[in-house]
**Student:** 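Let me give you the structure first, and then I'll get to my questions.
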Amino acid sequence: MTRAGVVWAAVVVALVVLILLIVFFLQNQDTVRVQFLGLDGYVPLGLALFIAAVAGGVLVAVAGAVRILQLRMLARRARRATKP
């Protein structure tokens with residue numbers, strides 16, 4: 001597959017995901033009360049769930065980045081220890 005083909009496939013996948021998100025938001029427009037760290041307000045259910053999913057993804061990404069940095073430091077130390 002060429003680079004243009006890969007880009008085209010990525011654009012198609014992104015558009016499908018965007019369409020699914022739009023459908024999700026349209027089907028979950030009921031307003032719900034959200035309380036978090038002393039903040040209190042009303043937001044559409046779809047938006048509240050989307051924000052929760054993004055926050056969860058950010059937490060996973062941070063934890064993964066920390067683990068990758070730990071492994072890189074360990075590998076660097078191992079390389080230095082094996083050099084003559």
Side-chain angles (χ1 to χ4, degrees):
M1 189 178 259
T2 65
R3 287 184 187 181
V6 172
V7 170
W8 184 83
V11 168
V12 169
V13 170
L15 286 174
V16 169
V17 169
L18 182 62
I19 290 169
L20 291 174
L21 276 173
I22 291 170
V23 170
F24 175 77
F25 282 123
L26 290 175
Q27 291 181 345
N28 292 287
Q29 290 186 3
D30 297 334
T31 301
V32 294
R33 182 177 178 199
V34 177
Q35 297 174 333
F36 182 68
L37 297 175
L39 300 174
D40 186 9
Y42 291 89
V43 295
L45 176 62
L47 180 61
L49 292 173
F50 182 71
I51 290 170
V54 169
V58 168
L59 288 175
V60 168
V62 168
V66 168
R67 184 64 182 147
I68 288 170
L69 290 174
Q70 287 175 340
L71 292 172
R72 284 184 180 176
M73 288 189 324
L74 185 64
R76 188 179 307 135
R77 288 181 191 150
R79 279 192 303 256
R80 287 181 184 164
T82 59
K83 284 187 178 180

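Positions are given from 1, in the same order as the sequence printed here. Remember, predicted model here, so these are calculated numbers, not experimental data.
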**Student:** Does Phe36 sit in a hydrophobic cluster with other residues, and if so which ones, taking ILVMFWY side chains as linked at heavy-atom separations under 4.5 Å, directly or through other members?
**Tutor:**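 Besides Phe36, the cluster holds Leu37.
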
**Student:** Let me confirm one number: the CG-CD1 distance from Leu49 to Ile51, rounded to the nearest 0.5 Å.
**Tutor:**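 Between Leu49 CG and Ile51 CD1, I get 9.5 Å after rounding to 0.5 Å.
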
**Student:** Nearest 0.5 Å, what's the CZ-CG distance between Arg76 and Leu71?
**Tutor:**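 Reported value, rounded in 0.5 Å steps: 12.0 Å.
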
**Student:** Taking only distance into account, with no hydrogens and no angle test, what donor-acceptor pairs under 3.5 Å do side-chain atoms of residues 54-68 form with protein atoms, sequence neighbours excluded?
**Tutor:**
unit_1, atom_1, unit_2, atom_2, d
Arg67, NH1, Gln70, OE1, 3.1

**Student:** Test of understanding: clusters of I, L, V, M, F, W, Y form through side-chain heavy atoms closer than 4.5 Å, transitively. Do Val7 and Leu15 belong to the same one?
**Tutor:**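 Shared cluster, yes.
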
**Student:** Hey, any chance Leu45 and Val43 share a hydrophobic cluster, counting ILVMFWY side chains that come within less than 4.5 Å of each other, even indirectly?
**Tutor:**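 Both belong to a single hydrophobic cluster.
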
**Student:** Which hydrophobic side chains are connected to Leu26, either touching it within the sub-4.5 Å cutoff or through other members that do?
**Tutor:**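 Members besides Leu26, by chain and number: Leu18, Ile22.
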
